[in-house]
Amino acid sequence: MKTTLKLNYILLPVLSLFIAMGACTPAGEQNQETTFKAQELFPEPPRPDGQSDVIELRCDPIDTVRVAFIGLGGRGKGAVRRYTFLEGVKIVAICDLVQENLEKTQDILEGSGLPNADSYSGPEDWKKVCEREDVDLVYVCTHWDLHTPIAVYAMEQGKHVASEVPAAISIDECWQLVNTAEKTRRHCMQLENCNYDFFEMATLNMVQQGLLGEIVHAEGAYIHDLRASNFNEENGYWDMWRLRHNQTRNGNLYPTHGFGPICHALNIHRGDKMEYLVAVASDQFGMTEFAKKKFGEDSDYATREYARGDMNTTLIKTAKGKSIMIQHDVTSPRPYSRIHLLSGTKGFVQKWPLQGIALEPFAHHFMEDEEMEKILTEYEHPITKEVGELARKVGGHGGMDFIMDYRLIYCLRNGLPLDQDVYDAAEWSSITELSEKSIENQGMPVKMPDFTRGAWKKVDVVTYH
């Protein structure tokens, strides 16, 4: 017995040593690296010969911007109406598969005392529109699948492009936009209207004036119950296209509304860049439950499989150590929210679900409404001071849509860099496929491509010229 005990005393330290050595083997190191370091699933392709970045791209001024609209559903017709209030534009062409949409758009032009635009209605007619020599700007409001194909073709025909969100639905499409913009030296703007919300613009001004100190953390979201629209066969999304995306993809399918404003507040690709993300999603409950109630438990819609989880939460880390959270939920019965939260070393602001501002040394509580209104007035962005009154009259989500359109035309007419460039379009849209890959692998950290290929260091702040 004593001999056995002695052997045990000898063997235990030896076994412990072997275990410790095993944990330090190269194989162990490789396993640790594979498990815990962000995976580069989408390596950045080298910039093709002859191309250069388009950071702060300036093009020749256009005195009268000749515009063609492709896609005339709710967003498209609304854009045409807003453009009737802008100076220095001429609407030359409109394109849609639905004849009724074309007729209603012509009515908008006639009602504003403007001549009819040339109409196009064939499945491939958007190419004819892009090929016209009398078009400077192609404004894209189709379903998501056509955003990138139209934008790429339009730039190849020498046109500037403004595309509804998201500008791309895959990493490959993001690179198509970037490479085409760099090759053609044409503007490619994603039409992220929420960057021009009055509160978002005021908080951007607060950040740039130093009121909130160094921004450490930001949050954004798209929380919007769209079940009724997704399952509306008569007046919902054309050909049920949005429902199909929800059926087949599990990720943040619509990241840009909450994401765009906080990216500009954090100077993404203007002095900082996003390094990696981690995404998780709940299971899917809301689509099936809604379909059962509307169509019956044994209906086609109720028995389908829907890939997208109800709530998607994505976390991002930047090169300069900032953190970002963005969420996506379009199936839960809850109030609309984009969150829009900025937390800095000197203060805190948020818009949804409760609007509030808290500043040092009293940052434990939101300031009173009267004081908050004073702050918002003091830090109102110069652009909303300039055009805010007209924007509220014209409308479009409270006026932010009009401000977005006004800024696009202003920059084109004056030969200025656009507020949102092609890298914004690629970065914000890339969240969809990156979040999908992370979710597929139980929240695996995924490295985010640098669509500027190093040019993010050329400037150090977002500028609305």
Side-chain angles (χ1 to χ4, degrees), residues 62-123 125-132 134-144 146-147 150-151 153-154 157 159-165 167 187-196 229 235-238 241 387 390-413 418-420:
I62 306 170
D63 182 59
T64 300
V65 182
R66 298 166 297 179
V67 189
F69 290 89
I70 301 176
L72 299 169
R75 293 295 294 156
K77 287 194 291 291
V80 171
R81 177 186 170 274
R82 296 192 303 272
Y83 266 65
T84 65
F85 291 88
L86 289 172
E87 295 181 2
V89 301
K90 181 180 180 182
I91 300 171
V92 298
I94 56 176
C95 180
D96 196 276
L97 292 174
V98 180
Q99 187 62 36
E100 183 182 2
N101 288 340
L102 291 165
E103 293 170 358
K104 288 182 176 179
T105 303
Q106 298 288 23
D107 290 342
I108 291 171
L109 296 175
E110 291 175 9
S112 300
L114 298 174
N116 282 1
D118 293 341
S119 292
Y120 295 81
S121 59
D125 276 3
W126 57 267
K127 293 182 179 178
K128 297 178 183 178
V129 172
C130 295
E131 292 164 359
R132 289 178 60 129
D134 63 344
V135 171
D136 302 304
L137 171 68
V138 174
Y139 199 107
V140 184
C141 297
T142 65
H143 56 84
W144 296 345
L146 278 178
H147 288 181
I150 295 175
Y153 192 74
Q157 305 308 309
K159 311 302 189 289
H160 300 298
V161 176
S163 172
E164 266 297 345
V165 301
H187 289 299
C188 180
M189 174 182 173
Q190 183 170 236
L191 292 164
E192 186 38 72
N193 55 341
C194 294
N195 278 56
Y196 300 94
S229 296
N235 302 309
Y237 300 104
W238 176 81
W241 64 263
V387 73
L390 177 59
R392 289 186 176 94
K393 290 179 181 178
V394 175
H397 292 97
M400 63 184 181
D401 294 1
F402 180 77
I403 298 173
M404 172 185 69
D405 295 325
Y406 170 85
R407 284 294 300 168
L408 170 58
I409 296 302
Y410 176 87
C411 291
L412 290 177
R413 295 187 71 199
L418 303 189
D419 302 336
Q420 300 175 41

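Everything numeric here is computed off the predicted structure, so don't read it as measured data.
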**OP:** Heavy atoms only: give me the nearest Val129-Ala93 pair and the separation to one decimal.
**Re:** CG1-CB, 4.4 Å
**OP:** Using atom types as modelled and distance alone, determine if a side-chain donor or acceptor of Glu164 lies under 3.5 Å from a backbone N or O of Thr142.
**Re:** no
**OP:** Can you measure from CG (Leu390) to OH (Tyr406) and round to the nearest 0.5 angstrom?
**Re:** 9.0 Å
Subject >> Note, His147 side chain near Gln190 side chain (heavy atom, < 4.5 Å) >> reply: no
Original post:
Are any non-hydrogen side-chain atoms of Gln420 and Tyr196 less than 4.5 angstrom apart?
Top reply: yes
Subject >> CD/Gln99: more than 12 non-hydrogen atoms of other groups inside 6.0 Å >> reply: yes
Subject >> Exercise: identify the closest heavy-atom pair between Leu109 and Ala117 >> reply: CD1-N, 3.7 Å
**OP:** Provide the closest heavy-atom pair for Phe402 versus Ala391 in the form atom of the first, atom of the second, distance.
**Re:** CD2-CA, 3.6 Å
**OP:** Nearest 0.5 Å please: distance from the CG atom of Leu146 over to the CH2 atom of Trp126.
**Re:** 6.5 Å
Subject >> Side chains of Asp419 and Cys411 in contact at under 4.5 Å (non-hydrogen atoms) >> reply: yes
Subject >> Pairwise distance OH(Tyr237) to NE2(His143) - rounded to 0.5 angstrom >> reply: 14.0 Å
Original post:
Of the non-hydrogen atoms in Cys141 and Gly71, which two are nearest, and what is the gap between them?
Top reply: CB-O, 3.4 Å
Original post:
Backbone N or O of Val394 within a donor-acceptor pair of the Arg81 side chain at under 3.5 Å?
Top reply: yes
Subject >> Straight-line distance of Ile108 CD1 to Arg82 CZ, nearest 0.5 Å >> reply: 10.5 Å
Original post:
So do the side chains of Val67 and Tyr83 get within less than 4.5 Å of each other, counting heavy atoms only?
Top reply: yes
Original post:
Asn101 side chain to Asp96 main-chain N or O, any donor-acceptor pair under 3.5 Å?
Top reply: no
Original post:
Donor-acceptor pair, His160 side chain versus His187 backbone, under 3.5 Å?
Top reply: yes
**OP:** With rounding to the nearest 0.5 Å, note down the distance linking CD in Glu131 to OH in Tyr153.
**Re:** 3.5 Å
Original post:
Could you go step by step and tell me if Val98 and Trp238 meet the side-chain contact (heavy atoms from CB on, under 4.5 Å) rule?
Top reply: CA-CA 9 Å; Val98 180; Trp238 176 81; 4.1 Å; yes
**OP:** Please step through side-chain contact (heavy atoms from CB on, under 4.5 Å) for the pair Ile70 and Tyr120, ending with a clear verdict.
**Re:** CA-CA 9 Å; Ile70 301 176; Tyr120 295 81; over 6 Å; no
**OP:** Identify, with sequence neighbours excluded, every residue that meets salt bridge (Lys or Arg N to Asp or Glu O under 4.0 Å) alongside Arg132.
**Re:** Asp118, Asp134
Original post:
Could you give the distance from CG (Leu412) to CZ (Arg407), rounded to the nearest 0.5 Å?
Top reply: 10.5 Å
Original post:
Is a side-chain donor or acceptor of Lys90 paired with a backbone partner of Arg66 at a separation under 3.5 angstrom?
Top reply: no
**OP:** Please tell me if the side chains of Leu102 and Leu72 come closer than 4.5 Å, counting only heavy atoms from C-beta onward.
**Re:** yes
**OP:** Compare every heavy atom of Asp63 with every heavy atom of Arg413, then report the nearest pair and how far apart it is.
**Re:** NE-O, 2.8 Å
Original post:
Is there side-chain contact between Cys130 and Ile150, with at least one heavy-atom pair below 4.5 Å?
Top reply: yes
**OP:** Determine, step by step, whether Asp405 and Tyr139 satisfy the side-chain contact (heavy atoms from CB on, under 4.5 Å) criterion, reporting the C-alpha distance in whole Å, the side-chain angles of both residues, the deciding distance to 0.1 Å, and the verdict.
**Re:** CA-CA 10 Å; Asp405 295 325; Tyr139 199 107; 2.7 Å; yes
Subject >> Heavy-atom pair with the smallest gap, counting every atom of Val140 and Leu191 >> reply: O-CD1, 4.4 Å
Original post:
Just wondering, do Leu408 and Leu137 contact through their side chains at under 4.5 Å, heavy atoms?
Top reply: yes
